[in-house]
4 protein chains.
Amino acid sequence: MSPVPRRRKDARPAELLEAALEVFAEKGFAAARMEDIAARAGAAKGTIYLYFPSKEAVFEALVRSAIVPNLERAEALAAAHQGPVAPLLRELMGLLETMIRDSRLVVLPRLMIGELYKFPELARFYRATVIDRGLGLIAAMHRKGVEQGEFRPEDSDAVARLVIAPVLLMAIWRTVFAPYGDEPFDPAPVLRAHVEILLRGLAP
Amino acid sequence: MSPVPRRRKDARPAELLEAALEVFAEKGFAAARMEDIAARAGAAKGTIYLYFPSKEAVFEALVRSAIVPNLERAEALAAAHQGPVAPLLRELMGLLETMIRDSRLVVLPRLMIGELYKFPELARFYRATVIDRGLGLIAAMHRKGVEQGEFRPEDSDAVARLVIAPVLLMAIWRTVFAPYGDEPFDPAPVLRAHVEILLRGLAP
Amino acid sequence: MSPVPRRRKDARPAELLEAALEVFAEKGFAAARMEDIAARAGAAKGTIYLYFPSKEAVFEALVRSAIVPNLERAEALAAAHQGPVAPLLRELMGLLETMIRDSRLVVLPRLMIGELYKFPELARFYRATVIDRGLGLIAAMHRKGVEQGEFRPEDSDAVARLVIAPVLLMAIWRTVFAPYGDEPFDPAPVLRAHVEILLRGLAP
Amino acid sequence: MSPVPRRRKDARPAELLEAALEVFAEKGFAAARMEDIAARAGAAKGTIYLYFPSKEAVFEALVRSAIVPNLERAEALAAAHQGPVAPLLRELMGLLETMIRDSRLVVLPRLMIGELYKFPELARFYRATVIDRGLGLIAAMHRKGVEQGEFRPEDSDAVARLVIAPVLLMAIWRTVFAPYGDEPFDPAPVLRAHVEILLRGLAP
DNA sequence: TATGAATGAGAATTCATTCAT
DNA sequence: AATGAATGAATTCTCATTCAT
């Protein structure tokens, strides 16, 4: 019926979520119109509702789908790692730096900080699935470093948060101020100083 | 002009902004209803419009009014300081920790990260007036520490951001996850570890 | 108390009506704000309500006050007249032409055509006091002309309306299209042609 | 596109404009509520906005749609005419008289006199498309009459306005005073006297 | 008399969601 | 599965009117 047949039925939800990411990034959750999302995915307004029961559900699905895969990559990285922790930490920060610069997902921190508290269930899920797991991963790295005599003892949960904080700040910076910044802010020097200071600060 | 000043008149804007802070904190900017804000200030819907021309203007006024005074306190603190920088940094972090725990302004970081990009002018103002000034303050402290031989040389602008990042993260944490956290998260240990690691990491 | 004392208390209502005429002329009845009217009269919003109980009442008072005096001038003119009717008609048209060009009251026809039907009582008053009286005046002139053999017999009420119609159209034209007309429309030639054609058309 | 065309879709704008004409006629532009218009067209409030972006746009569409067709009828009439102009003028006046008595469009003159000056663009369009064309049509008739020796020379543009003025006045009369008139005013005698006087007045 | 802060009814407009096709 | 016309709840903002001073 349609002149341009859908490539695969299965792709629709993903297409819609991709469109949703873009529209949420531009307008924020509240101001994003379902019709905009649909249109950007090349679909009609009603079509979204075949896959997601509400706008909230789209947001939830977006958050769920966008983050877990990346987390799993990080976990795989850590699992495969042998030897001193510092290089692994550097590698991880490099990955995150790249994401901040290149991935469309940079907007997610801003989006989630702005909206997540309105989605209690999603917040719980996200905290358990992403944050606790992600922080746990880094805390484990720190603990391993302490065991290996690479780091002095310190509250590993706190350290995990401190490792992540500048990464988040850089992501936020890019999406909150980038549109108005005269020079596009470069997060790289900050993150490099971060690793330097952090590793010195954690050293015995 | 009138010999008996109308009691409310002068206080009204501040009352309204306080109410706005609360309502924005609870619902976010988009979901906050002007009527709610007015009601919480003990006023009628229309009254808000005597003082602010739009909801956006309320948000702007809130941001402008809430932050500059605090920044000035920090500047005064720094100006009055003599001797090594580390204690000043500790004192500053202590102040910020207190604010995160006790002040109703904790919600501002979340609110602003979520909304500021929709207010280009306010974003510019905020960046110039608060961020650049605030980061400048810290960068100056770092530079002074370097001059005094207290710190090793490092990109002071980057350091300033690294000093602030965990503070913001803690503020965000409290307002994004606090409502659902089983145990109310305590930012103190993180910020203490932060200062420890930071000072060690900055040391020559 | 007031540094600039009111010249005469009695002048206030008239000042307010004059201001109302201007504001109604610019914005129309519905879009005219009581505050604008007050401000233009150099008074505060509440002051209007000391003299007029409502916006409708202002409109009514304006209409009542603006027209009757002019009508009385016309009646006096007619009463004083002797001899053939044609010169009187020419004089009357000259007066009306002047009003259309110079008086701020030109806007009244437009205003009243647009609003009067919403003021049943005022409409009745206006019809009885102004229209019937004004048309009666002209009809009487026509009748006198017929009696004097100056005009052929014709329905005098109809003639009265025909005499007035182009005057109204010119007033309307100036206030509806004038703001957008490239050349400010000059009603004079039309009204002169009107008298010419009319007098020939009425001749025996 | 759909094989079974949605019954409403195509008809909706016309239905809405018809409803708008009625509601504007009853309440005037400012007091007409979009909901009333929608309801009278058997639609919900929101439906109007699928077809017209604003209340202003409804008014504009109404004016544009209502008048041009009638003007074209008049032009066709004139184009088809041969011989002396007077009978054509009588026929035209007869048509207008009928419209004033029977058509729901009688309210348009009142509506437009009352509102058009607030719609600069529409005013320009209307002046160019309807007035200049309509007056041009009549002026051309007059000019032809002069050429044919039927009329004495006279400013044809002025004549055109004089021809139309009583028609407008009658339309206005019916919609401004009709609701309160004891006897429903009959425009016929006035328009008949108008043609009589006019043709005599124009004769050589 | 005069003021202008306060009120709250009212209306335009938006948009998530539904559902007939 | 897909569409998009239709709905109507919800929200911002306006402004006539009131009334304490």
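To find a chain, count down the sequence lines: A is the first, B the second, and so on, and within it residues start at 1. All values reported here derive from a predicted model rather than from experimental measurement.
Look at D:Glu60 and D:Lys55 and you find no salt bridge, because none of the NZ, NE, NH1 or NH2 atoms lies under 4.0 Å from a carboxylate O. Contact check on D:Lys118 versus D:Glu115 returns a salt bridge, with a Lys/Arg side-chain nitrogen under 4.0 Å from an Asp/Glu carboxylate oxygen. A salt bridge links A:Arg104 with A:Glu18: at least one charged nitrogen is closer than 4.0 Å to a carboxylate oxygen.
The nearest whole Å value for the distance from the NZ atom in D:Lys27 to the C1' atom in E:dG10 is 13 Å. Remark: P of F:dA16 and CZ of C:Phe52 are 15 Å apart, rounded to the nearest angstrom.
Here the side chains of A:Glu22 and A:Lys27 are not in contact, with every heavy-atom distance at 4.5 Å or above.
In this structure, the nucleotide among E:dA16, E:dT7, E:dA2 sitting nearest to the side chain of A:Tyr49 is E:dA16. Distances were taken from every side-chain heavy atom of C:Tyr51 (C-beta onward) to each of E:dA2, F:dT3, E:dA6; the shortest belongs to E:dA2. For C:Lys45, the side-chain atoms get nearest to E:dG4 when compared with the rest of E:dT17, E:dG4, E:dA9. For C:Ala44, taking side-chain heavy atoms from C-beta onward, the closest of the listed nucleotides E:dT3, F:dA2, F:dA6 is E:dT3.
Using atom C1' as the reference point in both E:dT1 and F:dT21, the two lie 13 Å apart (nearest Å).
Aromatic pair B:Phe119/B:Phe29: centroids less than 6.0 angstrom apart.
Atom CZ of residue C:Arg12 and atom OG1 of residue C:Thr47 lie 5.5 Å apart, to the nearest 0.5 angstrom.
Stem regions annotated for DNA chain E: E:2-21 with F:2-21, counting only runs of 3 or more consecutive pairs of Watson-Crick or G-U type with both contacts under 3.5 Å.
The stretch residues 28-36 of chain B touches DNA chain F through B:Ala32, B:Arg33, B:Met34, each having a heavy atom under 4.0 angstrom from the strand.
Looking at which nucleotide of DNA chain E each of A:Lys55 and D:Ser54 is closest to, the 5′-most match is held by D:Ser54. Each of A:Ile48 and C:Gly46 has a nearest nucleotide on DNA chain F; the 5'-most of these lies closest to A:Ile48.
The two residues C:Val58 and C:Met34 make their nearest non-hydrogen contact at CG2-CE, 4.3 Å. Heavy-atom minimum distance, C:Leu111 versus C:Gly28: CD1-CA, 4.4 Å.
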